[in-house]
Amino acid sequence: MDIPLLKNTLSTHRNCPRGNCVSNDLAFGDRALKGAMKAADKSGAQFVIVIGDGELETSKVSIKRMSDGQQTESSLSELVGSVSRMSKEK
């Protein structure tokens, strides 16, 4: 998976003119997944996108809906559409 492409994909959707926006924040570094999830929950994030070693190998991302813990996989190219569908499933 191309991390610069991921950053570009996410930042492209920060300021979108059609009201189909996805605000996001990226957390890189040595933070453990548990700590990152706690920080996401505390920030009020609706979704968390996890890209670990397994996801890098398969070129997929894991998306977790924080309200109920539902988790699914998506390709990077379908990421925004997948989050949009999950947000409508509530």
Side-chain angles (χ1 to χ4, degrees):
M1 180 172 295
D2 186 351
I3 296 300
L5 175 61
L6 174 64
K7 288 181 181 181
N8 184 51
T9 298
L10 294 175
S11 65
T12 299
H13 295 282
R14 285 187 187 201
N15 300 311
C16 49
R18 293 179 287 173
N20 194 17
C21 297
V22 176
S23 64
N24 58 79
D25 190 16
L26 300 174
F28 292 100
D30 295 330
R31 180 183 286 189
L33 182 59
K34 184 176 179 179
M37 289 292 193
K38 283 184 179 182
D41 190 39
K42 188 174 181 178
S43 76
Q46 294 178 352
F47 296 93
V48 172
I49 300 166
V50 177
I51 305 171
D53 291 338
E55 290 82 7
L56 289 172
E57 289 177 15
T58 62
S59 296
K60 301 267 185 180
V61 297
S62 295
I63 306 167
K64 181 176 181 177
R65 184 170 48 211
M66 297 300 283
S67 63
D68 62 4
Q70 180 184 346
Q71 196 164 333
T72 189
E73 277 192 350
S74 173
S75 66
L76 181 57
S77 62
E78 294 294 321
L79 177 59
V80 174
S82 296
V83 170
S84 178
R85 281 188 295 281
M86 287 181 75
S87 68
K88 292 175 184 174
E89 291 176 0
K90 291 183 184 181

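All values below come from the heavy atoms of this structure, side chains included, with hydrogens, waters and symmetry mates left out.
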Donor-acceptor pair, side chain of Glu57 and main chain of Gly54, under 3.5 angstrom: no
Partner set under side-chain hydrogen bond (donor to acceptor under 3.5 Å, both in side chains) for Ser75, not counting sequence neighbours: Ser77
Contacts of type side chain to side chain contact (heavy atoms under 4.5 Å, CB included), residue Glu73, not counting sequence neighbours: Lys60, Ser62
If two hydrophobic side chains count as joined below 4.5 Å and joins carry through other members, does [X] share a cluster with [Y]?
| X | Y | value |
| --- | --- | --- |
| Met66 | Ile63 | no |
| Leu56 | Val48 | no |
| Met37 | Ile49 | no |

Salt bridge (charged side-chain N to carboxylate O under 4.0 Å, His left out) partners for Asp53, two or more places apart: none
Where Ala40 and Ser43 come nearest, the two heavy atoms and their spacing: O-OG, 2.8 Å
Salt bridge (Lys or Arg N to Asp or Glu O under 4.0 Å) contacts touching residues 35-51 (sequence neighbours left out): none
Check: Val50 and Glu55 side chains under 4.5 Å, non-hydrogen atoms: yes
Among Arg85, Glu89, Met86, side chain to side chain contact (heavy atoms under 4.5 Å, CB included) partner for Thr72: Met86
Spacing of NZ belonging to Lys64 relative to CD belonging to Gln46, to within rounding of 0.5 Å: 15.0 Å
